[in-house]
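One structure below.
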Amino acid sequence: MLHEFVSSNREELVRRCRSKGSERDSPPFTAAGLDHGVPLVLEQLVWALRCEEEGASPGRTPATAEVSRTAVLHGKELVEQGYSVGQVVHDYGDICQAITELATERNAPVSVAELDTLSRFLDSAIADAVGPYAIHRDRIQDEQLRLLDTAVRAFAALKVGDIGLEGVAGELLEDSLRKLRALIERPPPP
């Protein structure tokens, strides 16, 4: 059973995921993040595999609900730490690769149904984990549009001709452009 294989090889799977994650671009994955995130995902995977083995409907178990909840939280943490969407996807992909590589090396009997569960589980976790990136992107885009709109309105007022650059409209234009530049140049949240 795949859940038994994952449980009994947990430390080796974490080690392999750490190795794969450390080979990628910055920001580098922290050992603390891998030591927390990967074991949690493996634990939830074991739970999901057991639920389906016991006859639960695929995708409709307490395990899948918990996976979704924690993946969203994990994605939010990674956004705040400056990770890219690609890094999040690769993080979950590393788990799949580590499991399949180790299972192949050890000739572990893994059924097609178990591989299907693994694939569905990771696909759902990835989708839920990247959700916070869209929210973050939308917030930044909204702020950029607000600042750009303010700058355009101030510029339109200046074009009328009676208002000089030293007045309120000029200050508003300058302030909006500075904030827009800062927003664009700002690195992702630490």
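- Using modelled atom types, no side-chain atom of Gln44 and backbone atom of Val41 make a donor-acceptor pair closer than 3.5 Å.
- When the side chains of ILVMFWY residues are joined at heavy-atom separations under 4.5 Å, either directly or via intervening members, Leu102 and Val6 end up in a single hydrophobic cluster.
- Cluster annotation: Leu115 and Leu45 are assigned to the same hydrophobic cluster (Ile/Leu/Val/Met/Phe/Trp/Tyr, side-chain heavy-atom contacts under 4.5 Å, transitive).
- In this view, Arg15 and Glu12 satisfy the salt bridge (charged side-chain N to carboxylate O under 4.0 Å, His left out) rule, not counting sequence neighbours.
- Between Ser7 and Arg50, the closest heavy-atom pair is OG-NH2, 4.2 Å.
- Listed by chain and number, the residues in a side-chain contact (heavy atoms from CB on, under 4.5 Å) with Thr117 are Leu49, Glu52, Arg120 (sequence neighbours excluded).
- When the side chains of ILVMFWY residues are joined at heavy-atom separations under 4.5 Å, either directly or via intervening members, Leu177 and Phe155 end up in a single hydrophobic cluster.
- Minimum heavy-atom separation, Cys96 to Leu118: SG-CD2, 4.2 Å.
- With sequence neighbours excluded, the residues that form a side-chain contact (heavy atoms from CB on, under 4.5 Å) with Ala71 are Tyr92, Ala125, Asp128, Ala129.
- Ion pair Lys20/Glu101 flagged as a salt bridge, since at least one NZ, NE, NH1 or NH2 atom sits closer than 4.0 Å to an Asp/Glu carboxylate oxygen.
- The minimum heavy-atom distance between Leu147 and Ser176, with the atom names listed, is O-CB, 3.6 Å.
- Between the side chain of Thr100 and the backbone N or O of Gln97 there is at least one donor-acceptor pair closer than 3.5 Å.
- Under a 3.5 Å cut-off, the side chain of Thr70 and the backbone N or O of Val67 do form a donor-acceptor pair.
- In the hydrophobic clustering of ILVMFWY residues, with side-chain heavy atoms under 4.5 Å counting as a link, Leu145 and Ile140 come out apart.
- Residues satisfying the salt bridge (charged side-chain N to carboxylate O under 4.0 Å, His left out) criterion with Glu143, sequence neighbours excluded, are Arg146.
- We find the NZ-OG1 distance between Lys179 and Thr150 to be 9.0 Å, quoted to the nearest 0.5 Å.
- Not a single salt bridge (charged side-chain N to carboxylate O under 4.0 Å, His left out) links Glu43 to another residue, sequence neighbours left out.
- Under the 4.0 Å criterion applied to side-chain N and carboxylate O atoms, Glu105 and Arg16 are assigned as salt-bridge partners.
- Not a single donor-acceptor pair under 3.5 Å links the side chain of Ser124 to the backbone N or O of Phe121.
- A donor-acceptor pair is defined here as one N or O able to donate and one able to accept, closer than 3.5 Å; such a pair exists between the side chain of Ser8 and the backbone of Glu4.
- Taking every heavy atom of both residues into account, Asp91 and His74 meet most closely at OD2-NE2, 3.4 Å.
- Residue Cys17 is tested with Leu42, Ile95, Ile99 for a side chain to side chain contact (heavy atoms under 4.5 Å, CB included); the sole match is Ile95.
- Distance check, rounded to the nearest 0.5 Å: CG of Leu158 to CZ of Arg153 gives 14.5 Å.
- Shown here are the salt bridge (charged side-chain N to carboxylate O under 4.0 Å, His left out) partners of Asp123, two or more places apart in sequence or in another chain: there are none.
- Between Glu114 and Pro109, the closest heavy-atom pair is OE1-O, 4.1 Å.
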**Request:** Begin with the C-alpha distance, continue with both residues' side-chain angles, and end with the deciding distance and a verdict on side chain to side chain contact (heavy atoms under 4.5 Å, CB included) for Trp47 and Glu66.
**Result:** CA-CA 10 Å; Trp47 186 19; Glu66 183 62 12; 3.8 Å; yes
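- What you find for Val110 and Ala103 is that their closest heavy atoms are CG2-CB, 4.1 Å.
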